[in-house]
Novice: 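Submitted below is the structure of interest, expressed as structure tokens.
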Amino acid sequence: MSIVITNLVYAYSNTTKPILNIPSFEVQDGESVALVGKSGSGKSTLLNAIAGIIAISQGSLKVNGVELSSLSETERDAFRAENVGYVFQTFNLLQGLNALENVMLAMSFTKKISDAKSRAKQLLERVGLSDKQTHKPRELSVGEQQRVAIARAIANEPKLLLADEPTANLDEQNTDLVLSLLKEVASENNRILILVTHEREVAASLPRSVELKSLNHV
Ligand code: ADP
């Protein structure tokens, strides 16, 4: 797995100035990178481009050698289900489903996993929540909700983990817990982890830190 960006330009519309203008950015297999930069500098937009949620209009963005802009939206959805685990600031768990069901749901988008229920149980155990399987998100602390979201993100064995401000809603103790968990699960399968954060200490805890301003030569 690798991410190779060359001369990427992205604007939300034809009439607005580009949000992203990145001459060159590479992330290699197994690397964990903190992506920092001022609010509005395009960090979430870049994550969404790497995940194939949005298509870049100019330049090249290759993930695992695949030029994402050459794929159709449906192909990008399939690519994402197969390769990408996403962790959000607000967890984005479905409120009507319990922890186990939230993790199982992620596995319904690929055919990779044959026994979703037992795998979901293992994943919840992996994040230290085997006793909370039947709890709905509102019956979990915010730290626990984020751990469910991490279990969900790795359910399909993605090679790429993208985390958008995953600790911004957490206190110090849960920040440490969630960060170590993310780093651990990233290292387990030599995954790439790209973690957007505005928290200096969180960025400093990762081996490489990149400021979007320094990439973004608008
Ligand atoms: P960051 O994550 O660094 O705070 P974002 O990627 O969220 O930055 O946003 C970068 C810029 O793009 C901001 O100016 C924001 O207002 C704009 N933007 C974000 N999403 C959209 C959208 N869907 N349509 C138009 N502009 C957007």
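First listed ligand is number 1; within each ligand, the first listed atom is number 1. Every heavy atom of this structure was used, including side-chain atoms; hydrogens, water molecules and symmetry mates were not. Note that the numbering runs from 1 along the sequence shown for the chain. Just so it is clear, the model here is predicted, and its values are computed rather than measured.
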Novice: Taking all heavy atoms of Q146 and all of F88, pick out the closest pair and write down the distance.
Specialist: NE2-O, 2.8 Å
Novice: Do you know the tightest heavy-atom contact between P18 and A11?
Specialist: CA-CB, 3.8 Å
Novice: Considering only non-hydrogen protein atoms, determine which one is nearest to atom 5 (P) of ligand 1 and report residue, atom name and distance to 0.1 Å.
Specialist: T45 OG1, 3.7 Å
Novice: Are side-chain heavy atoms of R191 and P158 found at a separation under 4.5 Å?
Specialist: yes
Novice: Of all the heavy atoms in S39, does at least one lie under 4.0 Å from an atom in ligand 1?
Specialist: yes
Novice: Side-chain contact, heavy-atom cut-off 4.5 Å: V185 with R126?
Specialist: yes
Novice: Specify the protein heavy atom at minimum distance from atom 4 (O) of ligand 1: its residue, its atom name, and the distance to 0.1 Å.
Specialist: G40 N, 2.7 Å
Novice: Looking only at N/O atoms, are I19 and ligand 1 under 3.5 Å apart anywhere?
Specialist: no
Novice: Scan side-chain atoms only and decide if N169 and Q89 contain a donor-acceptor pair under the 3.5 Å cut-off.
Specialist: yes
Novice: For atom 7 (O) of ligand 1, which protein heavy atom lies nearest, and how many Å away is it?
Specialist: S44 CB, 3.7 Å
Novice: Short list, please: which atoms of ligand 1 are under 4.0 Å from a heavy atom of K38?
Specialist: 3 (O)
Novice: Atom 8 (O) of ligand 1: which protein heavy atom is closest, and how many Å away?
Specialist: G42 N, 3.1 Å
Novice: Return the orientation label for the Y10 and Y12 ring planes: parallel under 30°, perpendicular over 60°, tilted otherwise.
Specialist: perpendicular
Novice: Is the closest side-chain heavy-atom distance between V84 and K159 below 4.5 Å?
Specialist: no
Novice: Quiz question for you: does at least one protein heavy atom lie closer than 4.0 Å to atom 10 (C) of ligand 1?
Specialist: yes
Novice: Strictly inside 4.0 angstrom of atom 16 (O) of ligand 1, do you find any protein heavy atom?
Specialist: no
Novice: Please list the nearest protein heavy atom to atom 23 (N) of ligand 1 with its residue and the distance rounded to 0.1 Å.
Specialist: Y12 CE2, 3.5 Å
